[in-house]
Structures are given as structure tokens and as C-alpha cells.
Protein chains: 2
Amino acid sequence: MNKVFKALNDETRRSILHLLREKSMNAGQIAEQFDMSKPSISHHLDLLYQAELVTKAKKGQFIHYSINTTVLEDLFEWLITLKK
Amino acid sequence: MNKVFKALNDETRRSILHLLREKSMNAGQIAEQFDMSKPSISHHLDLLYQAELVTKAKKGQFIHYSINTTVLEDLFEWLITLKK
DNA sequence: AAGTTATTTAGACATTTATCTAAATACTTA
DNA sequence: TAAGTATTTAGATAAATGTCTAAATAACTT
């Protein structure tokens, strides 16, 4: 869960998750949505990937990113036990 | 929500929340549970307080901390919209 | 009032983080 | 195979973070 909380502790990464909730996208398409360099977005995508909040799949020269809600379930559980 | 994610992005602070879920405690009682200096715990409590994840009340020379689940509701909402 | 206890504030330091530019890698197409 | 496109990796830098010790503040006790 450490990596999940770490990944969520950034506004850009949270925005990326909201984008991917609407539809899966290439790294480039994601980067277009932000006023930030591509390497920076790539770095954010990597942290989301390490936390398993997104999956990625190579499609030719593109890399397609999708949200992975499995880990969000775990976060739900964590919150529930905290609320009792 | 920024402060909430920031506050939750630390194992010590998450542990403090779990302790407070069981029962409210003084700053000193909380500090006893950790192998860390009191000023460090005080700092963690302050971040939790800034995020409104805990409330505090002065009781004589003690300061009593309690968990505040209101903000956790907001986090729930955030998660739900992300899962659609 | 003086001493003791509970907690926070201040200041320092090492580590982590977010960002950038430049370069490298991987794939596609002419 | 050479050129172009998509993405990541490397390396640098400034800012934020977690931790500590020492000192300050506040309240209780004798």
C-alpha cells in the first residue's frame, strides 16, 4: 500500500487517473493534456505503474495505458477498517 | 484533498490513525508506541491535524487526539468517482 | 515561586521528489 | 537502410520531507 499512497500523493498523477477513467490512452495523448514535459509525464506514469494503479501494453510504437481498479479495492478495504 | 493524500503518505501517520481508531490518546501516549522522538511524532500529528484527519483538545497539560472520520468520507467519494 | 511534566517550536541535516533538457531506445515508413 | 515518431532513461537541480537535538511554552504540584 505504500506505493499506492505515494502514487496518489500528487495532483498530476491523480489527474492522470481521472483521464484514464474515461478512456485508455497512449503516453503521448496523456502528455498532451498537461503543461509539462513528456519525460515528466513518463515519470508519473511509471510511479502509477509501480503502484499497479495503471497497466500498460505496447501497441506498435505506442504504449497504451489503462487504469487498474484492483488496487483501488485494496484502498477501499484500508479505509473501511479505519472507519470501523 | 491534497493535504489528506499528503498526510496518508507516511507509514507512521497511517499507524497513528489506526491507533486512534481504537481509542483517543494523548500526544505522549501516542509517542510511546513508536521508536521515534516526541518532536517527530508531534510533527506527524500536526500534519494529520492540518489534513483534518484528527482533532485535538487540550485537557489540562495534556493534549488529547482523536480520529476524525469526516475527511475519510470525502476520500471515499473520491475513490468511488474514480471507480465509476 | 520553583521544580516537574507534557507538548510544541526552531533549526539543522540527509534523503526523496518533481521537474527539466539532452540523449538513448524502439518501432514505422519511405 | 535512413529518417521520422513515440517513449523512456540519464543526469542535474531546486524544493519538500522526515528525523534529530536543544530550547521554548504551558500547566500542574509542592
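Naming convention: chains lettered A, B, ... in sequence-line order (proteins, then strands); numbering from 1 in each chain.
- Between B/K58 and the phosphate of D/dA26, there is no side-chain N or O to OP1/OP2 separation shorter than 4.0 Å.
- Checking the phosphate oxygens (OP1, OP2) of D/dC20, a side-chain nitrogen or oxygen of B/S37 falls inside 4.0 Å.
- Taking only side-chain nitrogens and oxygens, A/K6 comes nearer than 4.0 Å to OP1 or OP2 of C/dT17.
- To the nearest angstrom, C1' of D/dT5 lies 12 Å from CG of A/N26.
- Going from atom CD of A/Q50 over to atom P of D/dT9 covers 10 Å, rounded to whole Å.
- Here the side chain of B/F62 is nearest to one of C/dT19, C/dT7, D/dT9, namely C/dT7.
- In this structure, CZ of B/F5 is placed 15 Å from P of D/dT17, rounded to the nearest angstrom.
- The structure places OG1 of B/T55 at 9.5 Å from CD1 of B/I67, a figure rounded to the nearest 0.5 Å.
- One interatomic measurement links the two molecules: CD of B/E11 to P of D/dT17, which rounds to 18 Å at whole-angstrom precision.
- If you check distances only, the side chain of A/Q61 never reaches the base of C/dT28 with a donor-acceptor pair under 3.5 Å.
- Distance, B/N9 CG to C/dT15 P: 19 Å, rounded to whole Å.
- At the phosphate of C/dT19, neither OP1 nor OP2 sits under 4.0 Å from any side-chain N or O atom of A/S40.
- Residue A/D46 is out of contact with every strand shown, counting any heavy-atom pair closer than 4.0 Å.
- A/A7 and A/L53 make their closest contact through CB-CD1, 3.8 Å (heavy atoms, listed as atom of the first residue, atom of the second, distance).
- With rounding to whole Å, B/K59 atom NZ is found 18 Å from C/dT5 atom C1'.
- A/L45 has its CG atom 11 Å from the P atom of D/dT9, to the nearest Å.
- Residue-environment remark: OH (B/Y49) stays at or below the threshold of 12 foreign heavy atoms within 6.0 Å.
- For the pair B/L75/B/L8, a side-chain contact is recorded, criterion being any heavy-atom separation below 4.5 Å from C-beta on.
- A/L47 comes within contact range of the sugar-phosphate backbone alone, with a heavy-atom separation under 4.0 Å but no base atom that close.
- At least one side-chain nitrogen or oxygen of B/H44 sits closer than 4.0 Å to the OP1 or OP2 atom of D/dT19.
- The side chain of B/P39 approaches C/dT9 more closely than any other nucleotide in the set C/dT9, C/dT7, C/dT19.
- The closest side-chain heavy-atom distance from A/F76 to B/I80 is below 4.5 Å.
- The phosphate of C/dT8 has OP1 or OP2 within less than 4.0 Å of a side-chain N or O from B/Y65.
- The closest donor-acceptor contact from the side chain of A/N68 to the backbone of A/T70 lies under 3.5 Å.
- Close to D/dA6, at under 4.0 Å from its OP1 or OP2, lies no side-chain N or O of A/K38.
- Between the C1' atom of D/dG18 and the CG atom of B/D35 lies a distance of 14 Å, rounded to the nearest Å.
- Nearer the 5' end of DNA chain D, as judged by each residue's closest nucleotide, is the contact made by A/A27, out of A/A27 and B/H43.
- Across D/dG18, D/dT8, C/dT19, the shortest atom-to-atom separation from the side chain of A/M36 is found for C/dT19.
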